[in-house]
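Take a look at the structure below.
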Amino acid sequence: MHCLTENGAMMHLARKQEMLIMAESGEADAWLKLAPADASSHFGEVFAQRVALFDYALKQGRAWLGQGR
């Protein structure tokens, strides 16, 4: 995350999520420490991408049919 240090709402969210915050020259950068990826997280990501592609294809097909082609 990158924001101005005076942006109280974003700074609050970063602190609430226990992000590592580095503030300098009126700007702040924050990082969220994530657990390392494992086989389950990789499979979940691939599955989510395939579902999104399938959903897109369905919507494109519906739009194509709706145009009377």
Revision key, fill the gap. Separation between CG (Leu34) and OG (Ser41), nearest 0.5 Å, reads 10.0 Å
Point to revise | Interatomic spacing from CE in Met1 to CG in Asn7 - rounded to 0.5 Å | key: 7.5 Å
Practice item. Check side chain to side chain donor-acceptor pair (under 3.5 Å) between Glu45 and all other residues, then give those that pass, not counting sequence neighbours. Key: none
Practice item. Kindly compute the distance separating CG (Asp55) from CG (Leu53), expressed to the nearest 0.5 Å. Key: 9.5 Å
Check your understanding: Is there a donor-acceptor pair closer than 3.5 Å between any side-chain N or O of Thr5 and the backbone N or O of Ala28?
Key -> no
Revision key, fill the gap. CG of Asp29 to NE2 of His2, rounded to nearest 0.5 Å, is 5.5 Å
Point to revise | Pairwise distance SG(Cys3) to CD1(Ile21) - rounded to 0.5 angstrom | key: 8.0 Å
Point to revise | Joint cluster assignment, Phe54 & Phe47, ILVMFWY side-chain distance < 4.5 Å | key: no
Review point. In Å, rounded to the nearest 0.5 Å, how long is the span from CE of Met11 to CE of Met19?
Key: 10.5 Å
